[in-house]
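Structure first, commentary second.
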Amino acid sequence: MPHEIDFPALTAWSISAVGVEVPMTYALGTSRGTITKAPLLLIDLDTEEGVTGRSYLWCYFPAAIPAIAHILREVEHVVKGDRVAPADL
């Protein structure tokens with residue numbers, strides 16, 4: 001029987017996202033061409049309790065970075081003040 005971990009309640013305060021392009025050690029060949037830089041979105045979820053969750057998202061196209069960051073700003077409006085439930089998001 002798996003053990004459930006009881007995490008303390010954390011309340012979402014803000015979501016921030018910064019786009020970066022990271023040079024890759026090895027080029028990635030795709031049907032669209034060769035990718036030499038990884039277009040990433042660095043994401044922080046800050047809580048009222050002072051805990052920050054960090055993640056990154058591979059955006060595939062650099063042009064997608066601002067669009068996805070905009071969607072995350074909308075998510076912030078929806079979840080601000082709610083208990084953090086990453087799996088539900």
According to side chain to side chain contact (heavy atoms under 4.5 Å, CB included), who are the partners of Ala27, at least two apart in sequence or on a separate chain? Thr34, Thr36
Return each pair, listed once, that meets salt bridge (Lys or Arg N to Asp or Glu O under 4.0 Å) where at least one residue sits in residues 49-59; pairs must be two or more places apart or across chains. Asp44-Arg54
Is the closest side-chain heavy-atom distance between Glu21 and Pro62 below 4.5 Å? yes
Test side chain to side chain contact (heavy atoms under 4.5 Å, CB included) applied to Val18 - qualifying residues, sequence neighbours left out: Val20
Report, as yes or no, whether the 6.0 Å neighbourhood of atom OH on Tyr60 holds more than 12 heavy atoms from other residues, nucleotides or ligands. yes
Minimum heavy-atom distance between Met24 and Lys37, given as atom pair plus value: SD-C, 3.8 Å
Could you grab the distance from atom OG1 of Thr52 to atom CG of Leu10, nearest 0.5 Å is fine? 10.0 Å
Kindly indicate whether the side chain of Ile65, heavy atoms from C-beta on, has any atom under 4.5 Å from the side chain of Leu41. yes
State whether the number of non-hydrogen atoms from other residues, nucleotides or ligands found under 6.0 Å of Tyr26 atom OH is greater than 12. no
Nearest 0.5 Å please: distance from the NZ atom of Lys80 over to the CD atom of Glu48. 8.0 Å
Minimum heavy-atom separation for Trp13 and Glu76, please, with both atom names. O-OE2, 3.9 Å
Say whether Tyr56 and Ile35 are linked into one hydrophobic cluster, either directly or through other cluster members, by side-chain heavy-atom distances under 4.5 angstrom. yes
Here the pair of heavy atoms bringing Ala38 nearest to Trp58 is CB-CZ3, 3.3 Å
How far apart are the C-alpha atoms of Thr47 and Thr11, what are their side-chain angles, what is the distance that settles it, and do they pass the side-chain contact (heavy atoms from CB on, under 4.5 Å) test? CA-CA 5 Å; Thr47 67; Thr11 308; 5.7 Å; no
May I ask you to test the Leu45-Val84 pair for a side-chain heavy-atom distance under 4.5 Å? yes
Is any side-chain heavy atom of Leu40 closer than 4.5 Å to a side-chain heavy atom of Leu57? no
Contact check, side chains of Leu72 and Ile43, non-hydrogen atoms, under 4.5 Å: yes
Mind checking whether Ile68 and Val22 sit in one hydrophobic cluster, side chains of I, L, V, M, F, W, Y counted as touching below 4.5 Å? no
Distance-minimising heavy-atom pair for Cys59 and Ala64: O-CB, 3.7 Å
